[in-house]
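Beneath this line is the structure, given in structure tokens, with notes to follow.
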Amino acid sequence: MNIIDLKNFSIPATGTGRGITNIDFSLSEHDVYAVETRYPEDGRIFLRALATLVTPIQGEYRYKDEPLDFSDYRNLLPYKKKIGYIAPDAVLISNRSVLQNLLLLRYYHEDNLSITIDDRLASLCRKLDLYDKLHLRPGQLNPLDVQIAVCLREISKSPEVILLNRPEDFIGRMKADRLKHLFQAVIDQGTPVVFLSYDKNFIDRYANKIAVIEEETLTIVSVN
């Protein structure tokens, strides 16, 4: 069974993008898609659509064969929990501590504000030099630590899908080896990934399929 299926799915243009029409796209375990496009905004809007953050103009979005209802954002919350979206526009809540941001989804879904950080997440925070900053608010962190916190928040959900916009911005900088190991572990366990990157080395290393967006059309190309 595919995890995500888009059928005759169209999404609007934003910014300098052209939009994408009549998308037929499927995502299953072990798929690692690189998105290629002349218009970065189209790549971004495609990732946001997969993350259920964009209401389509037309078409159908199925998650494990269940059709999604975009008429009310509350219908989408159970699916957002299963999708990790890591991108510059995925922000932390400014008036909450880093720890509260990391646990926010658990607070909501488990309806329990007394939840504390588990051993796995604590270990990741230590490895990425974030543990001693958990009491801080996002505005007190440097930009890279904010990106790392967003990454950990999404990874800690144990998502069934990972979506990444410009992963080289944080995987290819400080703490690169630790983040690369984390990303590689996600791929090795079969979690499907879709990413938009401008780093050819990153694409060559990880992608096994290419989603090419050109002239408002998305085409799939296999990687040999």
Side-chain angles (χ1 to χ4, degrees), residues 2-28 30-63 68 70 76 79-80 82-91 143-144 146-148 150-151 153-155 159-173 179-180 183-184 186-187 191-223:
N2 293 328
I3 296 177
I4 291 176
D5 279 299
L6 306 181
K7 297 294 183 185
N8 300 317
F9 194 82
S10 296
I11 47 182
T14 60
T16 58
R18 301 294 184 87
I20 317 172
T21 60
N22 299 320
I23 301 167
D24 285 323
F25 175 83
S26 62
L27 185 69
S28 58
H30 299 286
D31 283 343
V32 182
Y33 275 96
V35 178
E36 290 188 359
T37 177
R38 288 176 55 196
Y39 302 99
E41 195 63 27
D42 284 339
R44 173 180 172 272
I45 200 72
F46 179 59
L47 290 180
R48 287 180 58 81
L50 290 174
T52 73
L53 297 172
V54 174
T55 300
I57 298 170
Q58 66 174 30
E60 185 176 58
Y61 184 133
R62 285 182 173 267
Y63 194 95
L68 270 59
F70 285 83
L76 303 173
Y79 303 96
K80 292 181 189 294
K82 300 175 183 179
I83 299 172
Y85 177 67
I86 303 168
D89 60 350
V91 298
L144 181 57
V146 171
Q147 288 183 315
I148 289 171
V150 168
C151 181
R153 181 189 66 191
E154 299 302 293
I155 293 293
E160 296 176 341
V161 174
I162 294 285
L163 309 172
L164 297 162
N165 189 353
R166 302 204 305 270
E168 63 270 21
D169 285 358
F170 57 94
I171 292 179
R173 292 164 63 187
L179 282 168
K180 283 178 182 176
F183 184 56
Q184 188 65 57
V186 167
I187 291 176
T191 303
V193 176
V194 184
F195 67 85
L196 175 66
S197 173
Y198 300 97
D199 184 334
K200 186 177 184 302
N201 291 330
F202 193 94
I203 294 169
D204 290 344
R205 177 172 180 176
Y206 294 111
N208 55 35
K209 293 182 180 179
I210 308 292
V212 180
I213 302 171
E214 188 174 20
E215 301 301 328
E216 302 180 30
T217 300
L218 185 144
T219 305
I220 305 304
V221 178
S222 295
V223 176

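These values consider heavy atoms only, across backbone and side chains, with no hydrogens, waters or symmetry-generated copies.
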Legend entry - Minimum side-chain heavy-atom gap Phe70-Thr52 below 4.5 Å: yes

Legend entry - Nearest-0.5 Å distance that lies between atom CD in Glu160 and atom NZ in Lys82: 5.5 Å

Legend entry - Backbone of Asn8 reached by a side-chain donor or acceptor of Asp24 within 3.5 Å: yes

Legend entry - Test applied, side chain to side chain contact (heavy atoms under 4.5 Å, CB included); reference residue, Ile213; option that passes from Thr219, Ile23, Thr37: Thr37

Legend entry - Any residue meeting side-chain hydrogen bond (donor to acceptor under 3.5 Å, both in side chains) with Lys209, in chain and number order, not counting sequence neighbours: Asp31

Inset, instruction - Could you list the residues that satisfy side chain to side chain contact (heavy atoms under 4.5 Å, CB included) with Val221, not counting sequence neighbours? - result: Ile210, Val212

Legend entry - Side-chain heavy atoms of Leu6 within contact of Leu50, under 4.5 Å: yes

Inset, instruction - For Tyr79, check side chain to side chain contact (heavy atoms under 4.5 Å, CB included) against everything at least two apart and list the hits. - result: Tyr63, Glu66, Leu68

Legend entry - Residues in salt bridge (charged side-chain N to carboxylate O under 4.0 Å, His left out) contact with Lys80, at least two apart in sequence or another chain: none

Inset, instruction - Measure the shortest side-chain to side-chain distance between Val32 and Phe195 over non-hydrogen atoms and say whether it is less than 4.5 angstrom. - result: yes

Inset, instruction - Please tell me if the side chains of Gln147 and Arg166 come closer than 4.5 Å, counting only heavy atoms from C-beta onward. - result: no

Inset, instruction - Please list, chain by chain and in numerical order, all residues satisfying ring pair (Phe, Tyr, Trp, His ring centres under 6.0 Å) with Phe9, sequence neighbours excluded. - result: none

Inset, instruction - Output all residues satisfying salt bridge (charged side-chain N to carboxylate O under 4.0 Å, His left out) with Glu154, sequence neighbours left out; order by chain, then residue number. - result: Lys157

Which side-chain N or O atoms in residues 11-21 pair as donor and acceptor under 3.5 Å with protein atoms at least two apart or in another chain?
{"residue": "Thr14", "atom": "OG1", "partner": "Glu41", "partner atom": "OE2", "Å": "2.9"}
{"residue": "Arg18", "atom": "NH2", "partner": "Tyr39", "partner atom": "OH", "Å": "2.6"}
{"residue": "Thr21", "atom": "OG1", "partner": "Glu216", "partner atom": "O", "Å": "3.2"}

Inset, instruction - List for me each residue that meets side chain to side chain contact (heavy atoms under 4.5 Å, CB included) alongside Asn22, sequence neighbours excluded, and say none if there are none. - result: Ser10, Gln58

Inset, instruction - Apply side chain to side chain contact (heavy atoms under 4.5 Å, CB included) to Ser26 and list each qualifying residue two or more places apart in sequence or on a separate chain. - result: Asn2, Asp5

Inset, instruction - Say whether, by atom type as modelled, one donor and one acceptor occur between the side chain of Asn165 and the main chain of Arg48 under 3.5 angstrom. - result: no

Legend entry - Pairwise side-chain contact, Tyr33 with Ile220, heavy-atom cut-off 4.5 Å (strictly under): yes

Inset, instruction - For side chain to side chain contact (heavy atoms under 4.5 Å, CB included), just list the numbers for Arg44 and Asp89, CA-CA rounded to whole Å, side-chain angles, deciding distance to a tenth of an Å, and then say yes or no. - result: CA-CA 10 Å; Arg44 173 180 172 272; Asp89 60 350; 3.1 Å; yes

Inset, instruction - Provide the closest heavy-atom pair for Pro192 versus Ser28 in the form atom of the first, atom of the second, distance. - result: CB-O, 3.2 Å

Legend entry - ring pair (Phe, Tyr, Trp, His ring centres under 6.0 Å) involving Tyr85 - partner list, sequence neighbours excluded: none

Inset, instruction - Starting at CG of Leu218, measure out to CZ of Phe46 and round the result to the nearest 0.5 Å. - result: 5.0 Å

Legend entry - Set of salt bridge (charged side-chain N to carboxylate O under 4.0 Å, His left out) partners for Glu36, sequence neighbours left out: none

Inset, instruction - Could I get the full list of salt bridge (charged side-chain N to carboxylate O under 4.0 Å, His left out) partners for Glu214, not counting sequence neighbours? - result: none

Legend entry - Ile83 side, atom CD1; Leu47 side, atom CG - distance, nearest 0.5 Å: 11.5 Å

Inset, instruction - Return the orientation label for the Phe183 and Tyr206 ring planes: parallel under 30°, perpendicular over 60°, tilted otherwise. - result: perpendicular

